[in-house]
Amino acid sequence: MNRRTAQDLQAAYCKLFAHFGPQHWWPGKTPFEVIVGAILTQNTNWGNVEKAIANLRSHRLLSPIKLKKISVSRLAVLIRPAGYFNVKAKRLKNFIDFFFAHYNGSIRAMSKKPWPALRAQLLSVNGIGEETADSILLYALNKPVFVVDTYTRRILSRHKMISPDSDYQTIQKLFMDNLPCRRALFNEYHALLVCVGKQMCRTNPVCAGCPLKHFRGVPC
DNA sequence: GACCAGGCACATC
DNA sequence: GATGTGCATGGT
């Protein structure tokens, strides 16, 4: 653990939490719905994902067994609003196949697997990368794993806590080595980073009202 | 009409 | 190993 880094990460968290308050993530009704959302939200606005999930719900398809039975082409039509619908339909199906092959479609059974081993398994599924795997572990299965996304990288890079080309695991390790290993903290912190990231200007270095303004001597 | 959004896999060099 | 590209909708 690096004392300065730990202090900075904790200070940033406090600023974000004081400004935005609790985010109550992930916005999914069940662990399975969280997993579906994690795959559908890849490089996509969450609002579009909600439309796709609403379609699945209105057709009563938001269950492992129903998605197991549906064809990829019909699934693609239903998730169309989420974008990349052909790719994502295959990815959802890949996950479902994996889910039944290893855990008989049971969240409880999957959750019993030690998370480092489960993470490796998830990464072997075509269409599940590091962020999606970690989102599933943290938000669907309540494992103490930090999720790194575009916003996390952008914010830490701007405040000179990482170099812009740091890889996923380096950034994840920064958080996990320097914060208490608490699921609730990792959950809230990532949600808060997304929250501030959404309103952060990507070009203008000074954002009025940003809770991280001048954090570590950087305008915002 | 351009730009962007809570990535990932694959081809190419 | 690093870099580039395809995938696609909907909001601003």
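Chain letters run A, B, ... following the sequence lines, proteins first and then strands; every chain starts at 1. All figures in this text were calculated on a predicted structure; none of them were measured in a lab.
- Between A:Asp8 and A:Arg4 a salt bridge is recorded (basic side-chain N to carboxylate O distance below 4.0 Å).
- Rounding to whole angstrom units, CD1 of residue A:Ile39 and C1' of B:dG7 are separated by 12 Å.
- C:dA8 and B:dC10: their P atoms are spaced 15 Å apart (whole Å).
- Residue A:Asn48 is classed as a base contact, given a heavy-atom separation below 4.0 Å to a base.
- The nearest whole Å value for the distance from the CG atom in A:Asn43 to the P atom in C:dT9 is 14 Å.
- Remark: P of B:dA5 and NZ of A:Lys198 are 11 Å apart, rounded to the nearest angstrom.
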With sugar-phosphate taken as primed atoms, P, OP1 and OP2 and all else as base, the protein-contact string of nucleotides 8-13 of chain B at under 4.0 Å (heavy atoms; B, S, -) is BSS---
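- Rounded to whole Å, the distance from CD on A:Glu50 to P on B:dA5 is 17 Å.
- Going from atom NZ of A:Lys88 over to atom C1' of B:dG7 covers 8 Å, rounded to whole Å.
- Taking the six-membered ring where the residue is Trp, A:Phe99 and A:Phe32 present parallel rings, their angle staying beneath 30° rather than reaching 60°.
- Both tests hold for A:Lys68 against A:Phe100: distance to the six-membered ring centre under 6.0 Å, angle to the ring axis within 45°.
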Working note: A:Phe95 + A:Ile35, criterion side chain to side chain contact (heavy atoms under 4.5 Å, CB included); need CA distance, chi angles, decisive distance, verdict.
CA-CA 9 Å; A:Phe95 171 76; A:Ile35 293 171; 3.6 Å; yes
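- A:Trp25 pairs in a ring-ring contact (aromatic ring centres under 6.0 Å, His included) with only one of the listed residues (A:Trp46, A:Tyr139, A:Phe20, A:Tyr189), which is A:Tyr139.
- The shortest distance between side-chain heavy atoms of A:Tyr168 and A:Lys173 does not fall below 4.5 Å.
- If you measure from atom NZ of A:Lys51 to atom P of C:dA8, you get 18 Å, rounded to the nearest angstrom.
- Between the C1' atom of C:dA2 and the CG atom of A:Asp167 lies a distance of 13 Å, rounded to the nearest Å.
- Atoms CD (A:Gln199) and P (B:dC4) sit 18 Å apart, rounded to a whole Å.
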